[in-house]
*Asks:* 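Could you have a look at this structure, given as structure tokens, before my questions?
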Amino acid sequence: MNFKTLAIAFAGSVLALASCSSQKDGQYVKPRTIVTCDPELDDNNSMIRFLLHATDFQIDGLVYTSSRFHWKNDGSGRTQYIVDSEYDQMGLGPQTSWRFMEDERFIDDIIDAYEKCYANLKVHDPGYPTPEYLRSVCVYGNCAFEGDYSYDSDGSNLIKKNILDDKPGPLFIQAWGGSSSIAAALRSIADQYKGTAEWDAIVKKINDKVILNLSGDQDNAYNTYIAIEWPGIYVQNLGGQMGRYDNKKWSYLTSPEWTAEWMRTGPIGELVRCWGDGKQMVPGDMTDFPGPSAGKTREQMAAEGYVVWSAIQPEGTLYGDGDSGCFYQLIDNGLRAWQDPTWGGWSGRWDIKKGEPQSGHPTYMLTNMRDIISGKSTSLSNMARFMNRGPVEEDHTFPDMNGERNLSESARMRWSVTPNYADANHYPVLTGPFDIAAKPGQTITINAKATEPDGDEMQLQWWYFPVGSYVLTNEQAITVDSPNTAKTTFTVPADAKPGDTIHFVLQAIDNGTPSLTRYLRTVITVK
């Protein structure tokens, strides 16, 4: 697929997202999503983050699945052997199962902890779904073998049902592990409808509706089946973040001290995986060394027979969550990034001009919010020059998204153990228009409003996001007239063409503990 063809296909996908989002101007609609995941340490931590942000999604499924790292067996004693699999690379032969507890229930354990905290969570946000509802959509998918999508499972049937329903909005299906449960759902649909009069309409419906958020292809089910038999399905290969930061400004958010105070607290916090916590997902797993690593060197762990594939971190350091990139765009931080992958959000953004998307599908290329603003560099000084704002210090009001994400999770973990609303911090509230139509040269008023539910002070800043279709024809930066107040005015450039879009984002950061950030994205369309 050449660049021009890809651009046309991508534009069609974006239009499909917009047409089925059921958004009303200024009113946020929760995106529908299904999570499939395997029992990996980082999946455990990603699931905790996901459920702490459960207010932001319509959760249609929580599905256990397999991967090349974890598969259960089918109970028959049958073995599997795949060349270059993890066990093959360890010099092992055919296996009846691989790194998967027979009675695995890590998602259920997290839901049980969530239930113990539910009354507290509801105090801080009434949008939290009930534990009973979460249990009703938590099922086992295709867990028997790596990449086996040949049979129907409770999980694949749940996915199939949601794919075929007529509910509005796109359906984001996440694969934190392998894609076998998703592939099984699609294979079952093909088995039922291919060759019938309904087939073409079914394919169109699925291509318009389904977005796959993949944390790589961890069992080859995507590459060997979905990409071949369902090439029209829109795919976002999202970069996962392990929650570790080289940036000194945010490194404290994974430190043993911060983790102990803000993350390992209460029933949910007890399940957060940390370095040296003494736990393993499967007892005796010699590749799962972070838990038993307390007080030991890499050489000592290797001498005990562990496969030490990473540097050992200080005891109590947050292990991280490598698959959360699959849902960062869906979190309701105000950026509405899920509506269009070129808009930019907590997983970065897709830039069609940068790199070659895998398999002809869009891939998130950028991983830093400053890239989205500058379009050039992650450098703070370069961003300042581009924004025409003057020099920028390290504590500038636009933080790295890594910090925002972990501060948000830390605040919600505190909610889980805090029964009184006044005893915890909450997000600033921003209201205003999502979309404004205006003519070239017209001065418009953006009637936004910012409030702080806790009475904290806020820093307000309007940012121009160079992600719209309007292209600057001179060196002067685009700004609103009053960049530090919620309500402001803006004059549309005289050279703007009908159909051009211009993005402004209002950012509010409070001074509570932990500090929380909220956004309002206003898209101006030239008429």
Side-chain angles (χ1 to χ4, degrees), residues 30-67 69-70 104-114 128-131 133-143 153-163 167 169-186 209-219 221-222 226 233 235-241 268 271 273 281 321-332 338 346-347 405 409 412:
K30 296 180 183 181
R32 298 180 62 193
T33 190
I34 295 172
V35 174
T36 70
C37 58
D38 59 357
E40 184 60 74
L41 282 77
D42 59 293
D43 292 55
N44 177 87
N45 283 5
S46 286
M47 183 58 67
I48 288 173
R49 187 191 294 264
F50 181 78
L51 290 183
L52 284 173
H53 287 86
T55 55
D56 296 353
F57 325 113
Q58 171 54 50
I59 301 173
D60 289 330
L62 302 170
V63 180
Y64 293 92
T65 197
S66 59
S67 70
F69 308 104
H70 305 275
E104 181 59 67
R105 64 182 318 274
F106 80 98
I107 304 175
D108 292 88
D109 289 340
I110 296 171
I111 295 174
D112 289 348
Y114 175 98
Y128 276 102
T130 67
Y133 173 76
L134 294 176
R135 289 194 184 95
S136 75
V137 297
C138 182
V139 294
Y140 259 75
N142 291 54
C143 298
S153 64
D154 290 342
S156 70
N157 286 334
L158 179 147
I159 295 169
K160 176 181 176 181
K161 178 182 177 182
N162 280 274
I163 287 175
K167 296 177 183 178
L171 176 62
F172 294 88
I173 307 179
Q174 305 177 42
W176 302 356
S179 300
S180 58
S181 296
I182 303 169
L186 293 168
K209 175 179 182 177
V210 173
I211 300 97
L212 300 183
N213 290 359
L214 306 183
S215 184
D217 185 12
Q218 296 186 34
D219 62 358
Y222 174 77
I226 300 174
I233 292 180
V235 177
Q236 297 173 349
N237 292 314
L238 301 168
Q241 298 293 324
I268 299 176
L271 300 178
R273 293 302 311 276
M281 297 296 284
D321 45 315
D323 299 299
S324 296
C326 288
F327 62 85
Y328 282 143
Q329 303 297 72
L330 307 182
I331 290 176
D332 181 18
W338 63 269
W346 276 356
S347 286
R405 297 183 309 212
E409 183 179 18
R412 288 174 178 248

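Throughout, residue positions are numbered sequentially from 1 according to the sequence presented. None of the values given here were measured: they were computed from a predicted structure. Excluded from the calculations below are hydrogen atoms, water molecules and symmetry mates; all remaining heavy atoms, backbone and side chain alike, are included.
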*Asks:* Less than 4.5 Å apart, any side-chain heavy atom of Y222 and any of V235?
*Replies:*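 They are in side-chain contact.
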*Asks:* Hey, can you tell me if F327 and F57 have their rings parallel, tilted or perpendicular (30° and 60° cut-offs)?
*Replies:*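 Ring orientation of F327 relative to F57: perpendicular.
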*Asks:* Below 4.5 Å, heavy atoms only, C-beta onward: do L330 and H53 meet side chain to side chain?
*Replies:*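 No, side chains not in contact.
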*Asks:* I173 vs I163, test: side chain to side chain contact (heavy atoms under 4.5 Å, CB included). Steps then yes/no.
*Replies:* CA-CA 9 Å; I173 307 179; I163 287 175; 4.0 Å; yes
*Asks:* Look at the side chain of R49 and the backbone N and O of Y328, then say whether any donor-acceptor pair between them is shorter than 3.5 Å.
*Replies:* no
*Asks:* Classify the side-chain pair S180/N142 by whether it contains a donor and acceptor separated by less than 3.5 Å.
*Replies:*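 Side chains of S180 and N142: no pair found under 3.5 Å.
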*Asks:* Is it true that R135 and D112 have a side-chain N and a carboxylate O under 4.0 angstrom from each other?
*Replies:* yes
*Asks:* For S324, does its backbone N or O pair with a side-chain atom of S46 as donor and acceptor, under 3.5 Å?
*Replies:* yes
*Asks:* Does the side chain of I59 come within less than 4.5 Å of L51's, by heavy atoms?
*Replies:* yes
*Asks:* Taking the inter-plane angle between the rings of Y64 and Y140 on a 0 to 90° scale, is it parallel (under 30°), tilted (30 to 60°) or perpendicular (over 60°)?
*Replies:* parallel
*Asks:* Are any side-chain N or O atoms of T33 and backbone N or O atoms of F172, one a donor and one an acceptor, separated by less than 3.5 Å?
*Replies:*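 Yes, the answer is positive, given that a donor and an acceptor are paired below the 3.5 Å cut-off.
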*Asks:* How many angstroms lie between atom NE2 of H70 and atom CG of D219, to the nearest 0.5 angstrom?
*Replies:* 12.0 Å
*Asks:* Just checking, any donor-acceptor pair under 3.5 angstrom between side chains of S181 and T65?
*Replies:* yes
*Asks:* Rounded to the nearest 0.5 Å, what's the gap from CG on D321 to CH2 on W176? Could you check?
*Replies:*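 It comes to 8.5 Å.
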*Asks:* Test R405 against I331 for side chain to side chain contact (heavy atoms under 4.5 Å, CB included), laying out the working first.
*Replies:* CA-CA 10 Å; R405 297 183 309 212; I331 290 176; over 6 Å; no
*Asks:* When you measure from the side chain of Q329 to the backbone N and O of W346, does any donor-acceptor pair fall under 3.5 Å?
*Replies:* yes
*Asks:* Can you tell me how far CZ of F106 sits from CD1 of I48, rounded to the nearest 0.5 angstrom?
*Replies:*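 Spacing of CD1 (I48) from CZ (F106) equals 10.0 Å.
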*Asks:* Under the criterion side chain to side chain contact (heavy atoms under 4.5 Å, CB included), I'd like the reasoning laid out for F50 against L62: C-alpha separation, chi angles, the key distance, then a yes or no.
*Replies:* CA-CA 11 Å; F50 181 78; L62 302 170; 3.9 Å; yes
*Asks:* Using modelled atom types only, decide if a donor and an acceptor are shared between the side chain of R412 and the backbone of L52 within a distance under 3.5 Å.
*Replies:* yes
*Asks:* For G155 and V63, work out which heavy atoms get closest and say how close.
*Replies:* CA-CG1, 3.7 Å
*Asks:* Nearest 0.5 Å please: distance from the CG atom of D42 over to the OG atom of S215.
*Replies:* 7.5 Å
*Asks:* Using 0.5 Å steps for rounding, measure from the CD atom of E40 to the CG atom of N45.
*Replies:* 10.5 Å
*Asks:* List the steps, then state whether side chain to side chain contact (heavy atoms under 4.5 Å, CB included) holds for L186 with I233.
*Replies:* CA-CA 11 Å; L186 293 168; I233 292 180; 3.8 Å; yes
*Asks:* If the condition is side chain to side chain donor-acceptor pair (under 3.5 Å), which residues does N44 pass it with, not counting sequence neighbours?
*Replies:* none
*Asks:* Evaluate the side-chain proximity of I107 to C37: yes if any heavy-atom separation is below 4.5 Å, no if none is.
*Replies:*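 Yes, side chains in contact.
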*Asks:* Please answer whether the main-chain N or O of D56 pairs with a side-chain N or O of D332 as donor and acceptor at a distance below 3.5 Å.
*Replies:* no
*Asks:* In chain order, what residues pass the side chain to side chain donor-acceptor pair (under 3.5 Å) check against Q58, with sequence neighbours excluded?
*Replies:* D60, Y133
*Asks:* With rounding to the nearest 0.5 Å, note down the distance linking CD1 in I182 to CD1 in I159.
*Replies:* 5.5 Å
